[in-house]
Amino acid sequence: GQQVMQIPQYQHVQEGEDFTTYCNSSTTLSNIQWYKQRPGGHPVFLIQLVKSGEVKKQKRLTFQFGEAKKNSSLHITATQTTDVGTYFCGREMAGANSKLTFGKGITLSVRP
Amino acid sequence: NAGVMQNPRHLVRRRGQEARLRCSPMKGHSHVYWYRQLPEEGLKFMVYLQKENIIDESGMPKERFSAEFPKEGPSILRIQQVVRGDSAAYFCASSREAGSPLHFGNGTRLTVT
C-alpha cells in the first residue's frame with residue numbers, strides 16, 4: 001500500500017546519547033508530518049516538512065525531508081527522559097481527500 | 001482556547017451494547033478525523049468528515065460502525081453491538097483546513113467486557 005514504514009518499532013537509549021529514526025515511503029510524498037505521543041497521552045503535532053531536502057530544528061530535535069521526498073528523519077541530540085514516547089510520521093494520501101495515514105511509530109525509552 | 005474535546009474518556013460496554021463516542025473539534029476547525037489505536041500499535045485511520053459530509057470512510061468497518069458530523073453539535077462515532085475486538089483507544093482529531101496539522105483530543109478508551 002501507500003503506507004510509511006518506521007523501523008524498528010522500539011529503541012532504547014542511555015540518557016545523553018543521540019537518537020535517530022527514519023520514516024520511509026516507496027512513493028513520493030507531498031509532505032510529511034511528525035507527531036509525538038507520551039505514554040497514556042494523545043498524539044501531539046511536532047513539525048511538517050514540505051520541500052525537498054528541508055531541515056527544521058526544534059531545540060534538540062532536527063527533522064529532515066529527503067531530497068527525493070521519499071523519506072524523512074528525526075534526530076534527537078543528547079536525549080533526556082522527557083523525550084520518552086512514541087514518534088509517528090504521517091503522510092497525506094494522494095487524491096482529493098487529505099486524510100493523514102501514519103506509520104506504526106517508534107517507541108523511545110531513555111535510561112537515566 | 002479549548003482544544004479538541006472528546007468524551008467520555010473511558011467507556012465500558014458489555015458485548016452487544018452500543019457505544020457512542022463524541023468529539024468537539026477546535027474552534028474554527030471544520031475537518032474531523034477519527035483514528036483507532038490498539039495497544040502497542042499505530043494510529044489507524046477510520047473516517048474523515050466535514051460538516052454534514054463524510055469525505056472518506058475507507059478505514060471504517062463496513063458493519064456496526066458509523067460516524068456523523070452534524071451541522072450543530074459534536075461529531076459522533078457510533079459502534080453498534082460491540083464485540084471484544086472493538087476494545088481500543090479512539091482518537092478524534094481536527095484541522096482548520098485539508099492538509100494542515102491535526103490537533104488530537106485525549107481519546108476515548110473503550111473496553112468491551
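Just so it is clear, the values below take in all heavy atoms, side chains as well, and ignore hydrogens, waters and symmetry mates. Throughout, a chain's letter reflects where its sequence line sits, starting with A, and its residues are numbered from 1.
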Most contacts with chain A, counted as non-hydrogen pairs under 4.5 angstrom, among S58(B), G99(B), G59(B): G99(B)

Side-chain donor or acceptor of S94(B) paired with backbone N/O of P25(B) under 3.5 Å: no

Donor-acceptor pair, side chain of R64(B) and main chain of Q80(B), under 3.5 angstrom: yes

Residues of residues 83-92 of chain B with any heavy atom under 4.5 Å of a heavy atom in chain A: F91(B)

Residues in residues 100-113 of chain B near chain A [non-hydrogen atoms, under 4.5 Å]: S100(B), P101(B), L102(B), F104(B), G105(B), N106(B), R109(B)

Carboxylate-amine/guanidinium proximity below 4.0 Å for E18(B) and R78(B): yes

Close side-chain approach of F19(A) to H75(A), heavy-atom, < 4.5 Å: no

Proximity of Y35(B) and F102(A) rings by center, below 6.0 Å: yes

Contacting region of Q37(B) [heavy-atom separation from chain A under 4.5 Å]: side chain

Hydrophobic cluster membership, W34(B) vs L43(B), 4.5 Å side-chain cutoff: no

Salt bridge (charged side-chain N to carboxylate O under 4.0 Å, His left out) partners for E54(A), two or more places apart: K56(A)

How many angstroms lie between atom [atom1] of [X] and atom [atom2] of [Y], to the nearest 0.5 angstrom?
| X | Y | atom1 | atom2 | answer |
| --- | --- | --- | --- | --- |
| Q11(A) | T20(A) | CD | OG1 | 8.0 Å |
| T107(A) | H12(A) | OG1 | NE2 | 9.0 Å |
| L61(A) | I47(A) | CG | CD1 | 9.0 Å |
| S72(A) | L49(A) | OG | CG | 5.0 Å |
| F45(B) | L100(A) | CZ | CG | 10.0 Å |

Atom CD of E17(A): over 12 foreign heavy atoms under 6.0 Å: yes

Donor-acceptor pair between S95(B) and H29(B) side chains, under 3.5 angstrom: no

Polar contact flag, side-chain donor to acceptor under 3.5 angstrom, Q14(A)-R111(A): yes

Residues from residues 77-90 of chain A approaching chain B under 4.5 Å (heavy atoms): F88(A)

Most contacts with chain B, counted as non-hydrogen pairs under 4.5 angstrom, among Q6(A), Q48(A), Q37(A): Q37(A)

Option that, when pairs with chain B are counted at under 4.5 Å, heavy atom only, ranks first among Q9(A), H42(A), K104(A): H42(A)

